[in-house]
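Presented below is the structure to which this report refers.
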2 protein chains.
Amino acid sequence: MPSPSQIERLLRDASLRVTAPRKAVLAAVYENPHADTETLLAATRSRLGSVSHQAVYDVLRALHEAGLVRRIQPAGSVARYEARVGDNHHHLVCRSCGVVADVDCAVGEAPCLTASDDAGFAIDEAEVVYWGLCPDCQSRPAAR
Amino acid sequence: MPSPSQIERLLRDASLRVTAPRKAVLAAVYENPHADTETLLAATRSRLGSVSHQAVYDVLRALHEAGLVRRIQPAGSVARYEARVGDNHHHLVCRSCGVVADVDCAVGEAPCLTASDDAGFAIDEAEVVYWGLCPDCQSRPAAR
DNA sequence: ACCGTTTTCTTGACTTGTTCAAATCAAGGT
DNA sequence: ACCTTGATTTGAACAAGTCAAGAAAACGGT
């Protein structure tokens with residue numbers, strides 16, 4: 001969990017201007033892994049008092065383009081963000097409640113990341129999503 | 001590419017009522033792999049003359065729930081459907097134009113499908129998406 | 001072959017998540 | 001301190017998909 005000054009550092013090093021919304025949104029992403037935009041908007045407001053809807057969208061895009069956050073979007077879900085970038089980890093997604101958990105890449109890095117036939121594509125990333133039911137949803141089946 | 005009677009068979013075997021829209025949509029999915037809903041709507045209309053927006057959505061959902069079509073939805077893309085079900089294949093997605101291609105599962109089935117730590121989830125599927133640039137988009141970089 | 005039940009299709013309004021655009025405002029180099 | 005460039009606010013717009021009510025069609029039983 002980076003300190004405020006580390007947050008500033010991260011922004012500056014990415015040659016992004018350091019503004020209150022950006023610091024707050026980035027901190028919120030660190031504190032709420034896999035959170036959706038609405039959650040991050042709420043978290044940001046609880047720090048700053050008020051930020052626009054749009055600012056959070058813009059900031060998340062800027063952070064994403066700068067490589068400071070990763071954007072994930074499992075099918076049927078809204079966009080979610082996480083600050084854990086740079087490593088090659090994957091995700092578990094609950095079919096029932098949509099909650100997301102991290103998984104480290106199982107087999108080193110090789111097999112999963114190489115397609116048997118790339119059809120001429122220049123592949124730069126292999127993403128693995130494991131679908132299932134989270135512990136909570138297993139214990140109350142089909143409930144909710 | 002199944003014949004009309006095979007299409008009917010597929011529907012009946014899935015205990016779905018056989019209707020003109022269903023036959024047309026299912027045939028359209030066979031003919032347009034990885035097509036989005038709008039494309040399928042157009043393809044269906046070219047067979048039937050007119051079908052509602054809603055009917056196509058309903059039919060696609062019914063076919064999906066019956067396991068006759070697979071729904072894929074790469075991040076940032078609309079829902080796409082394919083009739084190739086039952087085998088464990090994955091997808092290549094072009095970051096630039098969004099086109100999707102099939103890849104057979106590289107390493108048999110074992111390593112990719114087992115998470116190193118399942119965090120208590122009951123996993124029923126592992127989905128792999130390879131991101132990159134398709135041959136066309138490589139030759140006209142950043143164009144479009 | 002017809003009937004009734006049940007499911008599906010049509011129509012049209014509506015929600016949700018996200019983006020666009022114009023005007024205002026602030027960060028940070030000079 | 002100023003100025004330029006980039007960020008934020010405001011408010012509208014957009015696209016994909018969903019909801020709901022009634023009309024229509026499928027198919028099992030008679």
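In what follows, every chain begins at residue 1, and chains take the letters A, B, ... in the order their sequences are listed.
- Between A/R95 and B/E125 there is a salt bridge, since at least one side-chain N of the basic residue sits less than 4.0 Å from a carboxylate O of the acidic one.
- Contact check, B/R17 against C/dC9: no side-chain N or O comes under 4.0 Å of OP1 or OP2.
- Linking Ile, Leu, Val, Met, Phe, Trp and Tyr residues whenever their side-chain heavy atoms come within less than 4.5 Å places A/F121 and B/Y130 in a single cluster.
- For DNA chain D, the outermost nucleotides in 5' to 3' order that have an atom under 4.0 Å from a heavy atom of chain A are D/dT5 to D/dG11.
- In this structure A/H53 satisfies the ring pair (Phe, Tyr, Trp, His ring centres under 6.0 Å) test together with A/Y57, sequence neighbours excluded.
- The end-to-end axis angle of the helix from C/dA1-D/dT30 to C/dT30-D/dA1, rounded to 10 degrees and based on five pairs per end, is 30°.
- Residue A/L41 contributes atom CG, which lies 12 Å from atom P of C/dG17 at whole-angstrom precision.
- Comparing B/H53 and A/S15 by the nucleotide of DNA chain D that holds the closest heavy atom to each, the one mapping nearer the 5' end is A/S15.
- Remark: B/R84 CZ is packed, more than 12 non-hydrogen atoms of other residues, nucleotides or ligands lying under 6.0 Å away.
- Ion pairing of B/R47 with B/E31 is present here, as a side-chain N (NZ or NE/NH1/NH2) and a carboxylate O approach within less than 4.0 Å.
- In this structure, a donor-acceptor pair under 3.5 Å is present between the side chains of A/H34 and A/D102.
- Residue A/V78 places its side chain closer to C/dT18 than to any other of C/dC20, C/dT18, C/dT10.
- At whole-Å resolution of the value, CD in A/Q73 and C1' in C/dT19 are 14 Å apart.
- Between B/Y57 atom OH and C/dT11 atom P the separation is 17 Å, expressed in whole Å.
- Computed from coordinates, the A/K23 NZ to C/dA27 C1' distance equals 11 Å when rounded to whole Å.
- Whole-Å rounding puts the B/L26 CG to C/dT8 P distance at 15 Å.
- Comparing B/T37 and A/Q54 along DNA chain D, the residue whose closest nucleotide (by nearest heavy atom) sits nearer the 5' end is A/Q54.
- Spacing between atom NE2 of A/H64 and atom P of C/dT19 amounts to 12 Å, rounded to whole angstrom units.
- Remark: of the listed residues A/D58, A/V85, A/L11, A/L11 is the sole one forming a side-chain contact (heavy atoms from CB on, under 4.5 Å) with A/L63.
- Of the N and O atoms on the side chains of B/H91 and B/E82, at least one donor lies less than 3.5 Å from an acceptor on the other residue.
- A donor atom on one side chain and an acceptor atom on the other are found under 3.5 Å apart for B/S77 and B/R80.
- Residue B/S52 is in base contact, counting any heavy-atom pair closer than 4.0 Å across all strands shown.
- Nucleic acid contact class of A/A79 (heavy atoms, under 4.0 Å, all strands): sugar-phosphate only.
- Within 4.0 Å of A/D36, counting heavy atoms only, lies no atom of the nucleic acid at all.
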